[in-house]
Asks: 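Questions regarding the structure given below will be posed in turn.
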Number of protein chains: 2
Amino acid sequence: MFLGTYRHSVDAKGRVAIPARFREQLPTGTVISKGAEGCLQVYPPQEWAQEQGLRLGSMTPAEERRLARMMFGAARECEFDGQGRIVLSADQRQYAAITNVAWIVGVNNLIEIWNDEQWRRIGEATPEEYTRIQDQVAERRRAHNT
Amino acid sequence: MFLGTYRHSVDAKGRVAIPARFREQLPTGTVISKGAEGCLQVYPPQEWAQEQGLRLGSMTPAEERRLARMMFGAARECEFDGQGRIVLSADQRQYAAITNVAWIVGVNNLIEIWNDEQWRRIGEATPEEYTRIQDQVAERRRAHNT
DNA sequence: CACAAAGTGGGGAAAAGTGGGGACTATGAG
DNA sequence: CTCATAGTCCCCACTTTTCCCCACTTTGTG
């Protein structure tokens with residue numbers, strides 16, 4: 001389980017430290033790829049395995065072909081240096097518009113990496129916003145169950 | 001079961017003592033996150049387990065992605081020091097507008113943490129208000145069941 | 001009143017994060 | 001083939017944060 005938000009700096013070489021709390025839950029075979037809303041997503045092995053339902057074949061619809069290409073094409077295995085950092089490739093930094101600072105967010109089963117501005121828009125919420133969205137999702141689920 | 005209201009101080013390092021009565025009911029795996037109306041909520045493990053239905057994947061709708069990011073991003077596992085205190089992160093203190101004082105309230109299955117002013121507004125009620133709200137809830141339930 | 005339990009505050013060691021130097025490799029040009 | 005350039009990776013040193021421990025104060029209880 002990944003919890004919490006951390007603000008880390010990205011140096012000139014594209015390196016970011018992954019918070020120690022997260023790192024100790026990430027065995028080899030961990031993968032980083034593109035995610036929705038312009039973030040990067042880090043998948044522990046068992047989560048990545050679930051995404052592999054997405055396959056190319058003669059039966060695959062066009063949209064899934066497109067998703068599969070983007071998702072797997074952008075993916076890389078995470079390699080940590082002695083200080084617990086990974087290197088974000090130039091592509092990945094461009095996709096997520098990350099320059100000097102990255103927000104690293106634990107979202108239950110995945111880890112997401114955001115740039116400064118986007119995270120402020122998506123992740124930070126006033127109490128009013130938070131309450132509204134919580135009620136919205138609850139309402140939606142209630143409607144769905146009945 | 002968590003009952004009662006306690007006023008504790010928050011020191012410069014963001015530490016708050018959790019009342020001993022509560023602490024002895026909180027095993028490891030307890031989580032603290034944002035709650036509605038600008039409070040923080042402490043979830044014992046079995047309560048938190050219910051929130052984990054919310055996961056990220058290529059099938060997750062946009063609203064749930066947003067909620068998951070805010071909720072898990074703001075969450076931390078509770079770690080008690082030798083004195084029975086937990087550390088509220090800077091984010092959490094900002095969200096709940098907590099500075100030097102926190103109100104810690106047992107609300108049946110969860111514990112809530114409020115700032116001074118908000119708790120006065122939410123928690124203290126005149127007999128008239130209390131009566132009115134009780135009637136409102138009763139009415140809503142009656143309408144919902146029929 | 002005395003003792004025990006709970007809460008408060010601060011100092012210091014250990015861990016985590018940050019930045020840069022330098023060696024090795026690969027690639028491409030002269 | 002040789003050299004220059006860029007990119008990667010490993011290592012070391014510094015800074016910042018976290019958390020563990022100790023001591024004091026307050027509260028509650030017999």
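Note on naming: letters A, B, ... go to the chains in the order of the sequence lines (proteins, then strands), and numbering restarts at 1 for each one. Values reported hereafter were calculated over all heavy atoms of this structure, with side chains retained and with hydrogens, waters and symmetry mates removed.
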Asks: Within the structure shown, what part of the strands sits under 4.0 Å from B:I86 by heavy-atom distance: base, sugar-phosphate, or nothing?
Replies: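 Contact class for B:I86: none.
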Asks: So, do A:Y6 and A:W119 have ring centers that fall under 6.0 Å from each other?
Replies: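 Ring centroids of A:Y6 and A:W119 are no less than 6.0 Å from each other.
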Asks: Of all the heavy-atom pairs spanning A:I18 and A:H8, show the shortest one and how long it is.
Replies: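 Nearest pair, atom of A:I18 first, then A:H8: C-CE1, 4.4 Å.
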Asks: Considering every strand and a 4.0 Å limit on heavy-atom distances, what is the contact class for A:R21: base, sugar-phosphate, or nothing?
Replies: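 It contacts sugar-phosphate atoms only.
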Asks: Among residues 96-117 of chain B, which ones have heavy-atom contacts with DNA chain D below 4.0 Å?
Replies: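 Contacting residues: none.
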Asks: Hydrogens and angles aside, do B:N115 and B:W103 bring a side-chain donor and acceptor to less than 3.5 Å of each other?
Replies: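 There is no such pair between these side chains.
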Asks: I need the CG-P distance between A:D11 and D:dT15, as an integer number of Å.
Replies: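 A:D11 atom CG is separated from D:dT15 atom P by 17 Å.
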Asks: Tell me whether B:T60 contacts the main-chain N or O of B:R55 through its side chain, where contact means a donor paired with an acceptor under 3.5 Å.
Replies: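 Present.
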Asks: With sugar-phosphate meaning primed atoms plus P, OP1 and OP2, does B:R23 contact a base, only sugar-phosphate, or nothing at under 4.0 Å between heavy atoms?
Replies: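 The residue B:R23 makes sugar-phosphate contact but no base contact.
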Asks: So, B:W114 and B:E112: side-chain donor and acceptor under 3.5 Å apart, yes or no?
Replies: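 A donor-acceptor contact under 3.5 Å links the two side chains.
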Asks: Determine whether a donor-acceptor pair (N or O, by modelled atom type, separation under 3.5 Å) exists between the side chain of A:S33 and the backbone of A:M71.
Replies: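 It does hold such a pair.
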Asks: Going 5' to 3' along DNA chain C, which are the first and last nucleotides with any atom under 4.0 Å from a heavy atom of chain B?
Replies: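 It runs C:dA6 to C:dG11.
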Asks: Over all heavy atoms of both residues, which pair between A:P45 and A:T30 is shortest? Give the atoms and the distance, please.
Replies: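 That would be CD-OG1, 3.7 Å.
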Asks: Using only heavy-atom distances, determine whether the side chains of B:S58 and A:E51 contain a donor-acceptor pair under 3.5 Å.
Replies: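 A:E51 and B:S58 do have a side-chain donor-acceptor pair below 3.5 Å.
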Asks: How would nucleotides 5-11 of chain D be written as a contact map, 5' to 3', with B for base contact, S for sugar-phosphate-only contact and - for no contact, using protein heavy atoms under 4.0 Å?
Replies: ----BBB
Asks: Between B:Y43 and B:Q41, is any side-chain donor less than 3.5 angstrom from a side-chain acceptor?
Replies: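 Indeed, the side chains of B:Y43 and B:Q41 share at least one donor-acceptor pair under 3.5 Å.
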Asks: Run the salt bridge (Lys or Arg N to Asp or Glu O under 4.0 Å) test on A:R21 and B:E79 for me, step by step, so that the C-alpha distance in whole Å, both residues' side-chain angles and the decisive distance to 0.1 Å come before the verdict.
Replies: CA-CA 13 Å; A:R21 298 252 170 80; B:E79 290 169 6; 3.6 Å; yes
